[in-house]
Q: 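Here's a structure for you.
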Protein chains: 2
Amino acid sequence: MNKVDKSKKTVSPEGDAPTCDSSLVHLEQVRQVQSEIVTTEKAQQMAQFFGAMADPHRLKLLSALVKAELCVCDLAAVVKMSESAVSHQLRLLRNLRLVKHRREGRNVYYSLADAHIANLYREVAEHLDEV
Amino acid sequence: MNKVDKSKKTVSPEGDAPTCDSSLVHLEQVRQVQSEIVTTEKAQQMAQFFGAMADPHRLKLLSALVKAELCVCDLAAVVKMSESAVSHQLRLLRNLRLVKHRREGRNVYYSLADAHIANLYREVAEHLDEV
DNA sequence: TTTAAGCTTGAATGTCTATTCAGATGAACA
DNA sequence: TGTTCATCTGAATAGACATTCAAGCTTAAA
């Protein structure tokens, strides 16, 4: 998770002819691919999403929530973190819509936002077993 | 992407009885879930993987490689980064087996390691469009 | 209405990460 | 063999992130 595009490097201005700073082996292909790749905005959005899952503690929280809806103090106990730390992480997951929450009395219960998240989690877990 | 488990917090030692530092609303459920969640090792492995996709520049590289096999200088041109920066990022992706490479003369061509990566990429891209 | 439990929050600190820069490697070509 | 091109690498700097600590809400029970 980082900023992005405080970059405007010195790369061939993609303007004309086979000019280039440090080559460009396949100019045509570069142009074509350049027009097809993901936009910076979308890439940032995706990076945020992947970033949310790029932390062992958050993955443990998610793997717990795959099993059951749990309140903060229980989650803290399950993953052995302080409640404050868990709360910070849950806020992040909440902001990115990976989890949702509801209040019941003094407790706040968290659960996965939707089935996609669980599926994605499982897919990667299985992918890594294959390799 | 971070270290993990230089943590051993002060949470109920999960050992015995209904003891607990700061409550524990559902002791039984906590025990059960605790036995079912992902291991720390696996969580770290998954975090590394997600971490590899948690950067806009790397996502652009991957989205380019979804379209075509490309050499380093072309990739640099496509995503408008220095070749050095691209090389650093590709090394990371290579180490985590997201991409593979082959040398041809003085050029090194990169491509996606397998179909899983492309699928995962597309899934998340689409998921984010839904919301 | 006091007190406390459950959760959230902001600031501060330590750690990790990405880029840049300079230099090194390996392959091709003169 | 010497030179150039394409890529890689290590060190250093700057920026991002996670946890802790202390304090602030909100709800329920005394």
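Values below: every heavy atom of this structure, side chains too, minus hydrogens, waters and symmetry copies.
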Q: OP1 or OP2 of D/dC8 versus the side-chain N and O atoms of B/Arg94: is any pair under 4.0 Å?
A: yes
Q: B/Asn95 CG to C/dA18 P: how many Å, rounded?
A: 13 Å
Q: Donor-acceptor pair, distance only, cut-off 3.5 Å: does the side chain of A/Ser63 make one with the backbone of B/Val38?
A: yes
Q: With a 4.0 Å limit, can you tell me whether B/Arg58 has a side-chain N or O closer than that to the phosphate oxygens OP1/OP2 of C/dA18?
A: yes
Q: Counting distance alone, no hydrogens or angles: does the base of D/dT20 have a donor or acceptor under 3.5 Å from a partner atom on the side chain of A/His88?
A: yes
Q: Strictly below 4.0 Å: does A/Arg103 bring a side-chain N or O up to OP1 or OP2 of D/dT27?
A: no
Q: Is the phosphate of D/dT19 approached by A/Gln89 (side-chain N or O, under 4.0 Å from OP1 or OP2)?
A: yes
Q: Would you state whether a donor and an acceptor, one from the side chain of B/Ser82 and one from the base of C/dT19, lie under 3.5 Å apart?
A: no
Q: B/Tyr110 side chain N/O closer than 4.0 Å to the phosphate oxygens (OP1, OP2) of D/dC8?
A: yes
Q: How long is the line joining CG of B/Leu93 and P of C/dT17, in whole Å?
A: 14 Å
Q: Closer than 4.0 angstrom, basic N to acidic O: yes or no for B/Lys42 and A/Asp129?
A: yes
Q: Of the nucleotides D/dT19, C/dT19, D/dC8, which one has an atom closest to the side chain of B/His57?
A: C/dT19
